[in-house]
Amino acid sequence: MDKSAPYTLLAIDDHPLFRKGVADLIDMEDSIELVGEAASGLEGLRLAKELEPDFILLDINMKGMGGLETLKAIKDAGVESRVLMLTVSDNEEDVISALRNGADGYLLKDMEPEDILACLKKAAEGTIVINERLTQLLAHSLREGKLTERNVGYADLTEREREILDLIASGMSNKLIAQTLHITEGTVKVHVKHLLKKLGLHSRVEAAVWALKQS
C-alpha cells in the first residue's frame with residue numbers, strides 16, 4: 001500500500017442505511033477513502049476485481065450471494081484486498097467460516113463508530129482485527145479443536161516459516177513481512193502457503209490465533 005495516499009475501501013452491504021453510515025464514518029477520516037459501494041455480493045465481487053481497493057468491508061447476511069460466498073469468490077478471483085467482515089452475526093460457525101475462507105478481520109456492527117474506525121486504521125496498516133468479544137470465542141474453538149485439524153507444533157515448520165508465522169501473529173501483512181525479512185512478497189506468499197498446509201489451517205488469521213495460543 002502507498003502510505004502517501006489515502007487507503008481505499010469498498011463497502012459491500014445490502015442495507016442502504018448502513019452503507020450511508022459507513023460513508024459518513026469514512027468522511028471523518030482523511031487517511032481512508034471510500035471508492036465504492038455495492039448492494040449485493042455479485043456487485044461487490046465485480047467492484048472488488050475492478051477497483052482492487054486496499055480493503056473491503058463485507059456483511060455476512062445478504063440476500064442472494066451471501067457474505068461468506070462473496071468472500072470466497074473474492075479470494076478465488078485473486079483479489080489481494082484485505083477483507084474485513086462487518087456484521088451483526090456473532091455466530092461461532094460464521095466467525096470460523098469467515099476466517100477459514102481468508103477474512104482478515106471480523107467486526108460487529110454494534111461496535112462504537114470510533115472503535116470501528118480505529119480497527120479500520122489498524123487493518124489498513126496490516127494488522128489483523130477481531131472484535132474483542134469474539135477472541136474468547138476463538139480461544140474456546142481452538143481448545144475444542146475446531147480450528148485445527150492436526151496436532152502439530154513449531155517443530156514441523158522450517159526456521160523461515162516459524163519466523164514468518166511469528167510476524168503474521170504480530171499483525172504484519174505480506175508486504176511488511178517481505179520488507180522486514182528483505183525477501184520478495186512472492187516468496188512470503190509461498191512460505192505462508194506451505195506453513196498453512198503443514199498446520200492444517202485455512203487462513204493467516206487462523207495461523208495468527210494458533211501461534212498466539214502456542215506462545
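In this chain, numbering begins with 1 at the start of the sequence shown.
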Residue pair I60, Y106: steps toward the side-chain contact (heavy atoms from CB on, under 4.5 Å) verdict: CA-CA 10 Å; I60 280 188; Y106 199 105; 3.3 Å; yes
Contacts of type salt bridge (charged side-chain N to carboxylate O under 4.0 Å, His left out), residue D30, not counting sequence neighbours: none
Between OG1 on residue T187 and CZ on residue R160, distance to nearest 0.5 Å: 9.0 Å
Value rounded to 0.5 Å, distance of CD in E50 from CG in L45: 11.5 Å
Close side-chain approach of E163 to L181, heavy-atom, < 4.5 Å: yes
V95 and D90, any side-chain heavy atoms less than 4.5 Å apart: no
Polar side-chain atom of S81 near backbone of P53 as donor-acceptor pair, under 3.5 Å: yes
Expected output: side-chain T8 to main-chain D54 donor-acceptor under 3.5 Å: yes
Within-4.5 Å side-chain heavy-atom neighbours: L108 and V88: no
Those residues that, when tested against K109, pass salt bridge (charged side-chain N to carboxylate O under 4.0 Å, His left out) (two or more places apart): D13, D59
Validation row: M111, N131 side chains within 4.5 angstrom (heavy atoms): yes
Give the table of side-chain donor-acceptor pairs shorter than 3.5 Å for residues 65-73, with sequence neighbours excluded, one pair per line with atom names and distance.
from	atom 1	to	atom 2	distance (Å)
T70	OG1	G66	O	2.7
K72	NZ	D76	OD2	3.0

Side chain proximity check, V188 to T184, heavy atoms < 4.5 angstrom: no
Identified side chain to side chain donor-acceptor pair (under 3.5 Å) partner of E80 from the options K189, K75, K175: K189
Side chains of M85 and D94 in contact at under 4.5 Å (non-hydrogen atoms): no
